[in-house]
A.B. asks: 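The following block contains the structure, expressed as structure tokens.
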Amino acid sequence: MIEKNPSSGQKDISHIRIIRGKRSADSPLQPDHYHQYYEIFYLFSGSCRFLLKDTLYTLEKGDLAFIAPGELHHSVYYPGITCEVAALYFKSDFLFPSLFSYLGEENMPPHQSFRGTVPGLYQEEFEGLLTRMLSESRQIDELSSSFMTCFLNELLLFLSRHSVISESEPDLVNAKDADIMASAKYIYRNFTKPLTLQEAADVAGLSTTYFSRKFKLLTGMGFKEYLNYIRLKHAAAALLTTDSSITDIALEYGFNDSSYFKDLFKKEYGKSPREYRKSRGQ
């Protein structure tokens, strides 16, 4: 079992903490709680529900919950499913301000909680970073605390690079827009799959004609435009940060036709995927 939640009855921490373990419906019930520091809850395997403020999310492998200080949250586990999770706790005092100010405000660690997904192409790298933090958390030597601080900042930069932090979902807070919000979130979380307009409209409970009109009105983009925008943004990051072939990247992010992907990419970025990748070394 994972160790007792360090936030239980604790409002502050003096150092970066990380734990990893297994949780299930048989684990001790975790009540709603909050703390005055950040938490990143990451799912290595399994499936669970996560209550964050007033929204109940479904988390699967590669998903994470970023919890800001003072916000209520707790995890809920399905009967018969064992999850392997990691929980990372830290304060803003442990960040290197100069790194994030250089990158710009949109890449700063957010002040509000959110649910995010580490793209499949990068999960191994992300989990490796968490494993390194777990190792250093055992205080190997007098340098461990410094390594933990460096790894924390690397992890947050990693999430920023791959749009887990800076990529926001449409700001649709009106109750009458909940149908479109639900569909937009569904598209964002499933963009690597072969989604259709009909499927998106079904999530919203609307006809395809009315859904298309309302979606465009509220998001400023049509269904296909929005879907391709998300796919291209993640594909662009993959071109600069991996050695995967252009065809493999296209397939990874939902494009079944590599020629179509290349045409869209050049229209969006003004360069072919190959030219864009070459810019990495310039």
Side-chain angles (χ1 to χ4, degrees), residues 1-10 17-90 109-120 122-123 126-127 130 155 159 162-165 167-173 175 177-193 195 199-200 202-205 230:
M1 290 291 185
I2 199 165
E3 72 172 58
K4 184 179 179 182
N5 192 324
S7 66
S8 180
Q10 186 172 324
R17 297 199 61 186
I18 182 170
I19 56 177
R20 176 176 178 173
K22 295 180 179 180
R23 286 180 178 169
S24 69
D26 297 326
S27 301
L29 183 64
Q30 183 189 45
D32 282 354
H33 64 280
Y34 68 93
H35 34 71
Q36 298 305 321
Y37 43 86
Y38 290 97
E39 176 182 346
I40 295 177
F41 178 95
Y42 178 76
L43 207 58
F44 281 93
S45 65
S47 176
C48 70
R49 290 171 292 172
F50 200 92
L51 183 64
L52 189 52
K53 296 189 292 183
D54 58 355
T55 303
L56 186 63
Y57 297 99
T58 296
L59 301 185
E60 298 180 348
K61 173 178 169 53
D63 290 340
L64 61 82
F66 185 100
I67 303 106
E71 295 194 340
L72 288 170
H73 60 281
H74 76 262
S75 50
V76 183
Y77 298 92
Y78 298 106
I81 298 179
T82 298
C83 299
E84 187 168 10
V85 307
L88 172 64
Y89 307 93
F90 63 95
H111 300 296
Q112 295 186 348
S113 301
F114 67 89
R115 173 204 180 280
T117 299
V118 178
Y122 311 115
Q123 285 177 18
F126 181 76
E127 292 171 5
L130 289 175
L155 183 142
L159 294 178
H162 299 303
S163 303
V164 181
I165 284 180
E167 182 68 53
S168 61
E169 297 173 346
D171 184 19
L172 306 171
V173 296
D177 300 330
D179 48 3
I180 300 299
M181 180 173 64
S183 185
K185 286 184 176 181
Y186 181 83
I187 296 167
Y188 186 82
R189 295 169 187 169
N190 295 278
F191 69 88
T192 60
K193 301 176 182 177
L195 297 180
E199 186 176 355
D202 288 344
V203 171
I230 295 169

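Values reported hereafter were calculated over all heavy atoms of this structure, with side chains retained and with hydrogens, waters and symmetry mates removed. Only a predicted model underlies this, so the values are computations on that prediction, with no experimental measurement involved.
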A.B. asks: Quick one: list whatever passes ring-ring contact (aromatic ring centres under 6.0 Å, His included) with Phe126, sequence neighbours left out.
C.D. replies: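 Listed in chain order: Tyr42, Phe158.
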
A.B. asks: Going by the angle between their ring planes, with limits at 30° and 60°, are Phe50 and His73 parallel, tilted or perpendicular?
C.D. replies: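 Ring orientation, 0 to 90° scale: parallel.
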
A.B. asks: Is there a side chain to side chain contact (heavy atoms under 4.5 Å, CB included) between Leu159 and Leu64? Walk through the geometry before answering.
C.D. replies: CA-CA 11 Å; Leu159 294 178; Leu64 61 82; 4.0 Å; yes

A.B. asks: List for me each residue that meets side chain to side chain contact (heavy atoms under 4.5 Å, CB included) alongside Ser45, sequence neighbours excluded, and say none if there are none.
C.D. replies: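 With sequence neighbours excluded, Ser45 shows a side chain to side chain contact (heavy atoms under 4.5 Å, CB included) to Glu84, given in chain and number order.
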
A.B. asks: What pair of heavy atoms forms the shortest contact from Leu130 to Ala86, and how long is it?
C.D. replies: CD1-CB, 4.3 Å

A.B. asks: Is any side-chain N of the basic residue among Arg20 and Glu127 closer than 4.0 Å to the acidic one's carboxylate O?
C.D. replies: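 No, no charged N to carboxylate O under 4.0 Å.
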
A.B. asks: Does the pair Val76 and Cys48 meet the rule for a side chain to side chain contact (heavy atoms under 4.5 Å, CB included), with working shown?
C.D. replies: CA-CA 6 Å; Val76 183; Cys48 70; over 6 Å; no

A.B. asks: Parallel, tilted or perpendicular: which one describes the rings of His162 and Tyr122, with boundaries at 30° and 60°?
C.D. replies: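 His162 vs Tyr122 ring planes: parallel.
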
A.B. asks: Would you compute the distance between atom OG of Ser47 and atom OH of Tyr77 and round it to the nearest 0.5 angstrom?
C.D. replies: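 Here the interatomic distance stands at 11.0 Å.
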
A.B. asks: So how far is it from Ile40 CD1 to Ile67 CD1, rounded to the nearest 0.5 Å?
C.D. replies: 8.5 Å

A.B. asks: If every non-hydrogen atom of Ser183 is compared with every non-hydrogen atom of Val203, which pair is closest and at what distance?
C.D. replies: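 That would be CA-CG1, 3.8 Å.
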
A.B. asks: How many angstroms lie between CG in Leu88 and CD1 in Ile19, if you round to the nearest 0.5 Å?
C.D. replies: 10.0 Å

A.B. asks: Contact between Tyr89 and Ile18 at the side-chain level, heavy atoms closer than 4.5 Å - yes or no?
C.D. replies: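 Counting from C-beta outward, Tyr89 and Ile18 never come under 4.5 Å.
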
A.B. asks: List for me each residue that meets side chain to side chain donor-acceptor pair (under 3.5 Å) alongside Thr117, sequence neighbours excluded, and say none if there are none.
C.D. replies: Asp63, Arg115

A.B. asks: Going by side chain to side chain contact (heavy atoms under 4.5 Å, CB included), name the residues that satisfy it together with Asn190, two or more places apart in sequence or in a different chain.
C.D. replies: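 Asn190 satisfies side chain to side chain contact (heavy atoms under 4.5 Å, CB included) with Tyr186, Lys193, Leu195 only.
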
A.B. asks: When you measure from the side chain of Gln123 to the backbone of Val118, do you find a donor-acceptor pair of N or O atoms at a distance under 3.5 Å?
C.D. replies: yes

A.B. asks: Restricting to non-hydrogen atoms, name the atom on Pro119 and the atom on Val164 that form the minimum distance, rounded to 0.1 Å.
C.D. replies: CD-CG2, 4.2 Å

A.B. asks: Tyr57 and Leu52: side chain to side chain contact (heavy atoms under 4.5 Å, CB included), yes or no, with the steps?
C.D. replies: CA-CA 8 Å; Tyr57 297 99; Leu52 189 52; 3.8 Å; yes

A.B. asks: For the residue pair Phe41 and Arg23, what are the closest heavy atoms and their distance?
C.D. replies: CE1-NH1, 3.4 Å

A.B. asks: If I take atom CD from residue Glu71 and atom OG from residue Ser113, how far apart are they, to the nearest 0.5 angstrom?
C.D. replies: 3.5 Å

A.B. asks: Hey, could you give me the OH/SG distance between Tyr78 and Cys83, rounded to the nearest 0.5 Å?
C.D. replies: 9.0 Å

A.B. asks: With a 6.0 Å cut-off on ring centres, are Tyr38 and Phe90 close enough?
C.D. replies: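 Between Tyr38 and Phe90, the centre distance is under 6.0 Å.
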
A.B. asks: Arg17 vs Glu39, test: salt bridge (Lys or Arg N to Asp or Glu O under 4.0 Å). Steps then yes/no.
C.D. replies: CA-CA 9 Å; Arg17 297 199 61 186; Glu39 176 182 346; over 6 Å; no

